[in-house]
Peer 1: 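Just dropping this structure here.
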Amino acid sequence: MLTKAKIVSSYAFLGYTVGVYFGAGWAIKLGECPQYTSVSFLNFVFLYLTSLSPNYVCYCIARILTGFTACHWNTACVYSTEWGGRKNRGFTLITHIVYMSIAFALFGTIAYFIRPWRQLTMALSVFGGIVFIIMLPCLKESPRWLFCTVKKNKPSRTFSLQHG
């Protein structure tokens with residue numbers, strides 16, 4: 001028997017699936033840095049709107065939009081491995097996964113102290129927004145994307161900044 005919670009999870013997965021389909025082309029067209037930046041901001045906005053949803057229909061629409069933007073965190077994983085270089089790519093990927101695991105553990109800890117789901121969602125979206133604002137100045141465009149889009153002089157400058 002389907003409950004409302006299972007149906008809402010299905011809506012979030014629907015948004016995730018649609019986001020994966022359209023996200024790859026978006027990352028190739030715009031670049032990984034603008035795509036990651038815009039999706040992080042939209043994820044913050046949609047998660048906050050989820051906490052403010054007045055009824056079930058608005059909540060489901062907000063969950064679809066949150067799922068659409070959440071799927072692009074895979075781009076962050078690929079994006080982070082490029083900055084590690086070929087030699088340290090595995091270590092960079094493992095570090096990314098460790099940080100995600102720590103975030104999941106913190107989510108459980110925060111959920112223990114903040115019981116109402118609306119306040120929990122609001123707190124997590126604000127925390128994510130703060131992390132996003134702190135990270136924003138550190139983001140540079142992917143050298144691989146710059147090289148593939150025929151901006152030949154920018155990747156060498158980016159690599160020299162990256163690897164000293």
Side-chain angles (χ1 to χ4, degrees), residues 1-84 89-142 144-145:
M1 182 167 175
L2 288 176
T3 62
K4 280 189 174 184
K6 289 181 183 178
I7 293 172
V8 170
S9 296
S10 299
Y11 288 143
F13 188 72
L14 172 70
Y16 192 91
T17 305
V18 171
V20 167
Y21 180 76
F22 290 109
W26 192 14
I28 291 169
K29 186 176 181 180
L30 297 176
E32 290 173 357
C33 185
Q35 188 252 5
Y36 179 69
T37 304
S38 60
V39 164
S40 296
F41 176 73
L42 289 174
N43 195 8
F44 162 70
V45 170
F46 293 145
L47 192 59
Y48 197 78
L49 288 176
T50 301
S51 69
L52 299 176
S53 57
N55 57 27
Y56 184 70
V57 173
C58 293
Y59 179 75
C60 290
I61 291 170
R63 288 294 293 165
I64 290 171
L65 294 172
T66 304
F68 179 79
T69 57
C71 72
H72 298 286
W73 289 101
N74 296 334
T75 303
C77 190
V78 173
Y79 186 62
S80 65
T81 59
E82 289 181 10
W83 286 101
R89 192 166 286 163
F91 177 73
T92 308
L93 182 61
I94 289 171
T95 304
H96 183 80
I97 293 169
V98 166
Y99 284 131
M100 291 297 288
S101 301
I102 291 170
F104 289 137
L106 284 175
F107 175 71
T109 306
I110 293 170
Y112 179 77
F113 293 108
I114 303 174
R115 297 293 172 117
W117 70 268
R118 287 184 189 267
Q119 292 174 357
L120 175 65
T121 306
M122 225 178 271
L124 292 175
S125 66
V126 168
F127 179 73
I130 291 170
V131 170
F132 168 69
I133 289 170
I134 290 170
M135 277 183 24
L136 195 57
C138 302
L139 295 176
K140 295 183 178 30
E141 188 51 72
S142 162
R144 181 181 54 86
W145 183 82

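Positions are given from 1 along the sequence.
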Peer 1: Atom OH of Y16 and atom OG of S10: how far apart are they, to the nearest 0.5 Å?
Peer 2: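 Y16 OH to S10 OG: 15.5 Å, rounded to 0.5 Å.
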Peer 1: Which residues satisfy the ring-ring contact (aromatic ring centres under 6.0 Å, His included) test with Y11, sequence neighbours excluded?
Peer 2: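 Residues passing ring-ring contact (aromatic ring centres under 6.0 Å, His included) with Y11: none at all.
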Peer 1: Which value, rounded to the nearest 0.5 Å, describes the distance between F107 atom CZ and T109 atom OG1?
Peer 2: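 Going from the CZ atom of F107 to the OG1 atom of T109 covers 10.5 Å.
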Peer 1: When rounded to the nearest 0.5 angstrom, what is the spacing between CG in L52 and CG in L47?
Peer 2: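 The CG atom of L52 sits 10.0 Å away from the CG atom of L47.
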Peer 1: Hey, can you tell me if F44 and F41 have their rings parallel, tilted or perpendicular (30° and 60° cut-offs)?
Peer 2: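 Tilted, since the angle between the ring planes falls between 30° and 60°.
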Peer 1: I need the minimum non-hydrogen distance between R63 and A12, along with the two atoms involved.
Peer 2: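 It is NH2-CB, 3.4 Å.
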Peer 1: So, taking the atom named CG in L65 and the one named CG in N43, what distance separates them when rounded to the nearest 0.5 Å?
Peer 2: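 Rounded to the nearest 0.5 Å, the CG-CG separation comes out at 10.5 Å.
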Peer 1: Identify every side-chain donor-acceptor pair in residues 119-130 under 3.5 Å, counting partners at least two apart or on other chains, and give the distances.
Peer 2:
residue	atom	partner	partner atom	Å
T121	OG1	W117	O	2.8
S125	OG	T121	O	3.3
S125	OG	M122	O	2.9

